[in-house]
Amino acid sequence: MMMEDLLIDYTIKAIESLYGQVVLKSAIATQKTRKEFEGDFTLVVFPFTKISRKSPEQTAEDIGNYLKNNINQINSFNIVKGFLNISFKNTYWVDFLKRISTKENYGCLKSNLSAPIVIEYSSPNTNKPLHLGHIRNNLLGWSIAEILKANGNKVVKVNLVNDRGIHICKSMLAWQLLGNGEEPTEKLKGDKLVGKYYVAFDKAYKEEIKTLIENGLTEEEATKKSPLILKAQEMLQKWEAGDADTIALWKKMNSWVYAGFDITYKTLGINFDNTYYESETYLLGKKLVTEGVKNKAFDTKEDGSVWVNLTNDGLDEKLLLRSDGTSVYMTQDIGTAQLRYDDYKPEKLIYVVGNEQNYHFEVLKLVLKKLGKEWAKNIFHLSYGMVELPEGKMKSREGTVVDADDLMDEMIRTAKEKGNELGKAEGLTTEESELLFKQIGLAALKYFILKVDPKKNMMFNPEESIDFNGNTGPFIQYTYARIQSIFRKAKENHIVINNYPLETSINSKEKELIKLLYEYPKTIKEACDTFSPALVANYIYELAKEFNQFYHDYPIIKEEDKNICSFRLALSEKTGKVIKSAMHLLGIDVPEQM
RNA sequence: GGCCCCAUAGUUCAACGGAUAGAACGGAAGUUUCCUAAACUUUAAAUCCAGGUUCGAUUCCUGGUGAGGCUACCA
């Protein structure tokens with residue numbers, strides 16, 4: 001099926017036969033022929049001119065002739081400078097469409113039998129609600145998991161909830177001191193409530209520091225000696241000691257947060273196969289660190305704190321246990337990693353975590369290696385870029401965070417507003433139109449975020465970032481809905497797809513569409529190899545745009561020639577299916593009508 | 001200070017070392033007795049600077065400039 005592999009094989013044979021040299025597969029570059037030239041695939045012949053000792057044009061001529069004589073699907077070729085543009089016969093493309101039109105999961109590979117890939121994403125803290133940064137994380141994690149599955153991998157999606165630590169104690173303490181027993185309501189869901197007290201703590205803490213400085217303490221002293229922070233630290237120690245009241249409060253407040261997160265996750269349309277809690281993994285982490293001390297992998301300082309020395313690896317020393325014996329982020333991650341390995345014996349452990357933690361993961365891998373964990377090499381930090389706002393980085397303390405729930409609500413509201421203006425809800429029940437606008441609003445958001453290369457930082461301007469026209473989720477949804485509309489009309493008129501003849505002469509738009517459909521499996525493969533949903537997103541956009549041009553230029557069910565009509569229907573149907581399939585990989589629903 | 005990333009139209013994003021650097025939004029101008037105009041068509045507009053490697057550099061290397069991130073007994 002993959003014509004390019006055939007081209008490459010025959011190019012190797014051509015060079016061997018013509019010039020008597022064997023070249024490596026990797027030395028051969030094929031690409032889609034650019035639109036302004038005639039052809040389907042292009043072979044770059046510059047690298048072979050040293051072997052042929054001829055001009056690029058002559059070399060291309062030689063190879064072109066060889067290929068045409070040996071591959072019967074080739075119709076013709078032309079040469080522009082050192083570029084050999086090869087055209088296949090129309091029957092090849094029509095036949096290709098015919099072959100894939102019956103394939104159910106076109107583009108996806110059958111699942112293989114190897115060990116699963118565990119992918120961690122989301123990883124929230126239970127002291128504040130989810131924000132825009134988490135949205136990028138969640139969308140990437142979910143999408144990459146789907147892309148891995150589409151490539152035949154077994155995938156386990158896991159969440160790691162950071163449900164313990166000093167930051168949670170801060171919320172707990174503030175609620176105890178200032179909360180008056182406040183509980184979550186319809187209006188203020190649990191994660192928001194707990195977040196409110198986290199902010200309240202920070203405010204009170206800052207005020208306290210200010211007062212202490214006025215009373216003559218240095219800033220450093222004030223920061224360390226403030227009664228509030230001491231109380232929070234005391235609370236953490238009590239928590240680790242299993243103090244009943246502290247644990248009860250902790251459980252209560254965390255349960256509020258989980259109920260709040262569930263709503264956010266559900267609206268966003270993501271889920272997990274398993275959830276880990278750091279409260280359940282940190283002890284294992286401590287145990288492993290203690291073992292490491294015994295084995296002299298780590299050092300204990302005078303005050304009792306435990307450190308790992310990574311200066312030989314070009315890094316610094318890193319704290320693994322505080323002097324008071326409590327664990328830190330790294331301690332927990334060591335335990336979590338071990339537990340996860342024990343649970344799944346995975347082929348790979350992927351962590352979807354922002355690039356601000358590149359250093360952390362470098363250290364984590366080295367620490368695990370020092371502990372003798374062979375599988376540390378299977379850890380892959382999928383490091384994605386920050387989401388920036390026009391005013392700079394999001395800072396929760398400065399109130400510049402974009403809340404996940406608010407953002408989604410806003411998107412859906414805008415979709416509804418614009419949709420109603422355009423009369424998109426006509427003929428739909430209230431329930432149907434609510435669903436439609438939710439699908440459209442979320443598509444706009446998800447596509448906007450996923451179309452950007454994960455590795456890169458991206459800009460998000462709430463005012464003007466989200467659009468419903470052009471290179472957007474709704475544009476693609478609209479294209480899909482148009483295709484479904486064609487089939488509703490076709491059904492009404494009893495038009496069906498018959499066995500269109502192979503000799504159908506196809507026009508350039510039709511051929512271009514088939515060629516794009518041909519690209520789909522390669523796109524999924526590459527998206528998997530590079531962990532980039534953006535490649536899928538950009539692909540669907542190309543496909544949708546091409547279809548809209550085709551739709552604009554040529555009649556489909558109004559075409560009078562029955563064979564052509566049937567062929568165009570088949571082409572439209574497959575395009576719709578690929579759009580739906582690819583959008584699913586991004587976690588975006590497509591409506592039947594809009 | 002040290003380490004890491006990034007720099008492309010006015011703006012937000014594309015481009016395995018390959019052809020004349022693609023899109024979208026915004027700007028200008030058009031298309032609806034025709035399968036959904038959230039569409040389609042035309043148009044103006046960009047590779048931070050200086051070197052190097054290469055047949056060929058937005059892409060690789062070196063040096064600048066500029067913006068982020070990390071460098072916590074925070075996570």
Side-chain angles (χ1 to χ4, degrees), chain A residues 26 29-31 33-37 42 44-47 49-50 56 80-83 85 123 125 127 162 165-168 170 224 233 278 301 303-307 314-316 318-324 326-330 332-333 354-360 362 383 385-386 388 392-393 415 418-419 421-424 440 444 448 451-453 455-461 464-465 467-472 474-479 481-490 493 526 530 534-535 537-538 541-542 545 548-549 551-559 568 572 593-594:
Chain A
S26 56
T30 59
Q31 53 191 276
T33 302
R34 295 182 62 143
K35 274 192 176 169
E36 58 266 41
F37 304 102
T42 294
V44 184
V45 301
F46 289 108
T49 51
K50 274 187 188 145
V80 182
K81 292 190 248 173
F83 299 92
N85 301 319
S123 325
N125 295 347
N127 63 329
N162 186 353
I166 189 75
H167 50 292
I168 283 100
K170 288 177 181 177
K224 284 188 174 166
Q233 281 163 357
E278 293 200 347
K301 294 214 169 165
D303 61 4
S305 56
V306 177
W307 298 73
L315 303 179
D316 266 327
K318 185 82 188 173
L319 179 84
L320 297 178
L321 277 179
R322 292 195 187 94
S323 52
D324 66 3
T326 55
S327 71
V328 291
Y329 182 42
M330 188 62 72
Q332 290 150 201
D333 259 9
N355 63 15
E356 59 193 349
Q357 292 192 33
N358 286 354
Y359 184 76
H360 172 81
E362 227 179 304
S383 162
M386 300 286 95
E388 285 158 12
K393 213 197 163 185
K418 292 197 179 178
E421 253 172 54
L422 292 165
K424 294 293 181 185
I440 295 171
F448 182 85
K451 77 173 174 182
V452 180
D453 182 341
K455 290 196 289 293
K456 293 190 175 172
N457 288 357
M458 65 178 291
M459 174 60 67
F460 186 91
N461 185 339
E464 49 192 63
S465 276
D467 217 319
F468 295 82
N469 302 320
N471 186 358
T472 67
F475 169 86
I476 295 160
Q477 288 179 316
Y478 176 69
T479 310
R482 270 182 151 180
I483 292 171
Q484 303 323 302
S485 171
I486 292 169
F487 281 92
R488 281 193 297 273
K489 288 259 158 63
N493 296 302
E526 204 185 340
T530 57
L535 297 178
N538 290 324
Y541 175 62
E542 281 300 313
K545 198 165 68 148
N548 274 321
Q549 290 168 10
Y551 179 93
H552 180 268
D553 292 350
Y554 299 99
I556 299 169
I557 51 178
K558 297 218 165 167
E559 169 59 45
R568 288 181 182 164
S572 304
Q593 189 181 332
M594 75 180 264

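Letters A, B, ... mirror the listed sequences (proteins, then strands); counts begin at 1.
- Put simply, the side chain of A/T472 and the base of B/A24 share no donor and acceptor less than 3.5 Å apart.
- Mapping A/P474 and A/P555 onto RNA chain B by nearest heavy atom places A/P555 at the nucleotide closer to the 5' end.
- Between B/A19, B/A38, B/U71, one nucleotide has an atom nearer to the side chain of A/V80 than all others, and that is B/A19.
- Which of B/U36, B/G18, B/C73 sits closest to the side chain of A/F46 comes down to B/G18.
- Residue contacts shown for A/I440 include a base, since a base heavy atom lies under 4.0 Å away.
- In this structure, the CG atom of A/D467 is 14 Å from the C1' atom of B/A39, given to the nearest Å.
- Side-chain atoms of A/S485 stay outside donor-acceptor range of the base of B/C35, with no qualifying N/O pair under 3.5 Å.
- With rounding to whole Å, A/F37 atom CZ is found 11 Å from B/G18 atom C1'.
- For B/C35, neither phosphate oxygen OP1 nor OP2 lies less than 4.0 angstrom from any side-chain nitrogen or oxygen of A/R568.
- Of the listed nucleotides (B/C74, B/G68, B/A39), B/A39 has the atom at the smallest distance from the side chain of A/N469.
- Residue A/Y551 places at least one side-chain N or O closer than 4.0 Å to OP1 or OP2 of B/U36.
- The side-chain contact (heavy atoms from CB on, under 4.5 Å) test with A/F475 is passed by exactly one of A/N548, A/N469, A/D467: A/N548.
- Spacing between atom CG of A/N457 and atom C1' of B/G69 amounts to 8 Å, rounded to whole angstrom units.
- Among the protein residues, A/G419 comes within range of the nucleic acid bases, having at least one heavy atom under 4.0 Å from a base atom.
- Within the 4.0 Å cut-off from OP1 or OP2 of B/C73, not a single side-chain nitrogen or oxygen of A/K301 is found.
- Residue A/R322 places at least one side-chain N or O under 4.0 Å from the OP1 or OP2 atom of B/C74.
- With hydrogens and angles ignored, no donor-acceptor pair closer than 3.5 Å exists between the side chain of A/N538 and the base of B/A24.
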Taking N or O atoms only and anything under 3.5 Å, show me the protein contacts with nucleotides 7-12 of chain B, one pair per line.
none

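- The residue A/S383 sits apart from the nucleic acid: no heavy atom pair falls under 4.0 Å.
- RNA chain B contains the following stems of three or more consecutive Watson-Crick or G-U pairs, with both distances under 3.5 Å: B:1-4 with B:68-71, B:10-13 with B:22-25, B:27-31 with B:39-43, B:48-52 with B:60-64.
- Base contact: A/I556 has a heavy atom under 4.0 Å from a base atom.
- Counting distance only, with no hydrogens placed and no angle test, the side-chain atoms of A/K545 and the base atoms of B/A23 include no donor-acceptor pair under 3.5 Å.
- B/A39 has no base stacking with the ring of A/F475 when judged by centroids under 5.5 angstrom apart and an interplanar angle below 30°.
- Taking the side chain of A/M594 as heavy atoms from C-beta on, and the options B/A37, B/A23, B/A38, the nearest nucleotide is B/A38.
- A sub-4.0 Å separation between OP1 or OP2 of B/A38 and a side-chain N or O of A/Y478 is present.
- When heavy atoms are screened at a 4.0 angstrom cut-off, A/A481 is found touching base atoms of the nucleic acid.
- The side chain of A/N358 has B/C4 as its nearest neighbour among B/U71, B/C4, B/C73.
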